[in-house]
Amino acid sequence: MSKLKSAVVLVLATIIIAVLCAMCTASFPIPNSVNEYNSVISIIAKDSTLGGGYYVTYYPEGVISEEEYIANSNAYGSDTEAKEDYEAKYVSYGTGAIYLEKETVLDEATNEVSESFKEDFAATAAAVRERYEAQHVAGVKVEICDDYTIRVFMPDLLESPSTTLAFFSYTGEFSVAYGSESDKVIEADRRNTINDYVKGVSARTVQDTSYVIIQFTDLGREALKEATSGAADESGTLYVMVGDNSVISLTVSSQIDQNDLYISGSYTAETSNAVAVLLNNAVNGTQTDLKLTTGDARYLEAQWGENTMLYFYIGFGVFMAAMAVFFLVRYHALGFAHIYAYLLYLPCMALCLAFISFLHLGVGGIAALALSSVLMCVSNVYVFESAKKEYALGKTMTSSVKTGYKKCFWHIFDIHIALALAAVLTFAIALTELQVAAFVFMLGVIFSGACVLAITRLMWASMMTLSKKKESFCNFKRGEDYDDE
């Protein structure tokens, strides 16, 4: 490899590493927006041992929990006939954690869950997921439980999580009413969709005042202008609704004649953003009319204390410092080849933890991350020592590197394949927490193998090409004693 190519490779690798590290660690506000960029590390979901938060379950219409079913049944007391009539309306589903209302959920012909309900539930789950994704809160987790309930985990990062948890359960079409909630002035009809009236909804905070901004089209502006034409003489209330739920109630004392309606009040940046996300989703997101009932929100404290993640980051920082010192002291500048490879390995692992939906960070995930990190370090040491031995026997540096990799390749490849297969088997047969750890370890093994056999070697070749004294670069010496293989 020529010196020019080596320099280009190193510059590109440095830029990539710098960008990935910044993406993973830095959070910052986005200009002209109430949103902010959340670092990859901040959005990695954390289990109950590492981070506290709120769990809530949304039940679609026709689905109730086992607890509610039992409580309702017991409420009939000695009225056996009424109790039997109630119980006959429901059927236990799956493991018995939920009960399905036969008339609402099941197909009469097959006595199975109807296709129409499945489609409605899928749309509802998609709408709920879109809302939480659009809110950009680090660590939120939305998952389907028991096939037909939606469970949401909201990390303890918000001042008013109850507002978000309640609002995001609202379903139905966007509409605007004036005078009373039933007097609709803007709603979808046979001639027009809601997008013909409303472009979208956003939020904005200026100094200490937060706004919800509804952007009307010209058609929507005219409809609102006509409806509020008498507001100067007699004030009325404007209702912005999602389905049957009033999200905003606004007293109007003058005619509204504008495309962008700024609504303030007691909103904070957080609550205005939640309202805007909900309304914008009702206008531009997945449409659903399946009603949701919100179960009791439960707060889950971090089992190991609120400073657990801080201690983890400190421990990981100590590990990285010790690793860097070891490689730089023993192998001099060659240690940077390992450090570059490791700084590519870490962001890849962080990105997987953040964006593979079923992964989260817990004790098992940390252990898997640590083990795969050690595997990568040991593998690189094995390669470096093998090349060092070849050089001590009198070969040139280039020949030593090639021979060292050639002798190590299949050993490293085999151990990585064996560990990856073991992780796959564990993932296939284990329970949830161990499954997550196994999957994280499998990813770590894959990235470790790629970094050791490809990235480290590329960095080694690039860096060594730019070095005048290759033996000093690697801290390799002639004539060192090694036991025979």
Go through Y262 and R204 one step at a time and tell me if the side chain to side chain contact (heavy atoms under 4.5 Å, CB included) criterion holds.
-> CA-CA 9 Å; Y262 283 70; R204 184 180 179 186; 4.0 Å; yes

Could you label the plane-to-plane angle of the Y55 and F153 rings as parallel, tilted or perpendicular, counting under 30° as parallel and over 60° as perpendicular?
-> tilted

Hey, are the side chains of M309 and L361 touching, using non-hydrogen atoms and a 4.5 Å cut-off?
-> yes

Heavy atoms from other residues, nucleotides or ligands near CZ of F319 exceed 12 (cutoff 6.0 Å) = yes

Side chain to side chain contact (heavy atoms under 4.5 Å, CB included) between I41 and Y313: does it pass, once the steps are laid out?
-> CA-CA 11 Å; I41 289 177; Y313 291 136; 2.9 Å; yes

Side chain to side chain contact (heavy atoms under 4.5 Å, CB included) partner of L250, chosen from V240, T237, I263, V176 | I263

A227 versus V185, closest heavy-atom pair with distance = CB-CG1, 3.4 Å

Quick one: are M154 and Y132 in side-chain contact, heavy atoms under 4.5 Å?
-> yes

First locate atom CG of D289, then atom OG1 of T171, and finally report the distance between them rounded to the nearest 0.5 Å.
-> 7.0 Å

Answer yes or no: are there more than 12 heavy-atom neighbours, outside E226 itself, under 6.0 Å from its atom CD?
-> no

Take the angle between the ring planes of Y342 and F316 and call it parallel below 30°, perpendicular above 60°, tilted in between.
-> parallel

N/O donor-acceptor pair under 3.5 Å between T456 side chain and C451 backbone = yes

Side-chain donor/acceptor of E130 to backbone N/O of T286, under 3.5 Å = yes

For residues V247 and F174, determine if any side-chain heavy atom of one lies less than 4.5 Å from a side-chain heavy atom of the other.
-> no

Within the side chain of T271, is there an N or O that forms a donor-acceptor pair under 3.5 Å with the backbone of Y267?
-> no

Test item: S373 and M323 side chains (from C-beta on) under 4.5 Å apart, heavy atoms | no

Please assess T209 against S264 for the test side-chain hydrogen bond (donor to acceptor under 3.5 Å, both in side chains), listing each intermediate value before the final yes or no.
-> CA-CA 7 Å; T209 304; S264 61; over 6 Å; no

Above 12 or not: heavy atoms from other molecules or residues under 6.0 Å from CG of N74?
-> yes

In this structure, are over 12 heavy atoms from other groups packed under 6.0 Å from K184 atom NZ?
-> yes

Backbone N/O of L106 and side chain of E108: donor-acceptor pair under 3.5 Å = no

Any donor-acceptor pair under 3.5 Å linking the side chain of E101 with the backbone of E103?
-> no

Provide the closest heavy-atom pair for S246 versus Y239 in the form atom of the first, atom of the second, distance.
-> OG-CD2, 3.6 Å

Keeping the roles fixed (side chain from R131, backbone from F168), state whether a donor-acceptor pair exists under 3.5 Å.
-> yes

Evaluate the side-chain proximity of K291 to D244: yes if any heavy-atom separation is below 4.5 Å, no if none is.
-> yes

What's the shortest heavy-atom distance between V452 and S379, and which atoms?
-> CG2-CB, 3.7 Å

Looking only at non-hydrogen atoms, find the nearest pair between G220 and I186 and report the distance.
-> O-CD1, 3.7 Å

Do Y340 and T14 have side-chain N/O donor and acceptor atoms under 3.5 Å apart?
-> yes

Closest non-hydrogen atoms of L292 and S169, given as atom of the first, atom of the second and distance, are CB-O, 3.6 Å

With no hydrogens and no angle check, is any side-chain donor or acceptor of Y58 less than 3.5 Å from a backbone partner on L165?
-> yes

Test side chain to side chain contact (heavy atoms under 4.5 Å, CB included) on F117 and V63 and set out the steps.
-> CA-CA 11 Å; F117 181 83; V63 179; 3.8 Å; yes

Start with the C-alpha gap between K118 and Y148, add the side-chain angles, then the distance that decides, and say whether side chain to side chain contact (heavy atoms under 4.5 Å, CB included) holds.
-> CA-CA 8 Å; K118 291 179 181 179; Y148 298 111; 3.5 Å; yes

Separation between CG of L238 and CG of D183, rounded to the nearest 0.5 Å | 11.5 Å

Do the side-chain N and O atoms of S92 and Y69 include a donor-acceptor pair separated by under 3.5 angstrom?
-> no

Would you confirm whether Q255, through its side chain, and K225, through its main-chain N or O, come within 3.5 Å as a donor-acceptor pair?
-> yes

Heavy-atom distance under 4.5 Å between the side chains of E222 and D218, does that happen here?
-> no

Between OG of S249 and CD of E181, what distance do you get to the nearest 0.5 Å?
-> 6.5 Å

Atom NZ of K89: over 12 foreign heavy atoms under 6.0 Å = no

Just wondering, more than 12 heavy atoms not from D414 lying within 6.0 Å of its CG?
-> yes

Nearest heavy-atom approach of Y170 to L278 is CD1-CD2, 3.8 Å

Point-to-point distance, once rounded to the nearest 0.5 Å, from CD of E66 to OH of Y93 = 15.5 Å

Can you find a pair of side-chain heavy atoms, one from V113 and one from D147, that are under 4.5 Å apart?
-> no

Side-chain contact, heavy-atom cut-off 4.5 Å: H416 with S448?
-> yes

State the CH2-CD1 distance between W410 and I415, to the nearest 0.5 angstrom.
-> 14.5 Å

Do the side chain of N280 and the main chain of V201 share a donor and acceptor less than 3.5 angstrom apart?
-> yes

Can you check whether G96's main-chain N or O pairs, donor with acceptor, with D146's side chain at less than 3.5 Å?
-> no

CZ of R191 to CG of D196, rounded to nearest 0.5 Å, is 10.5 Å

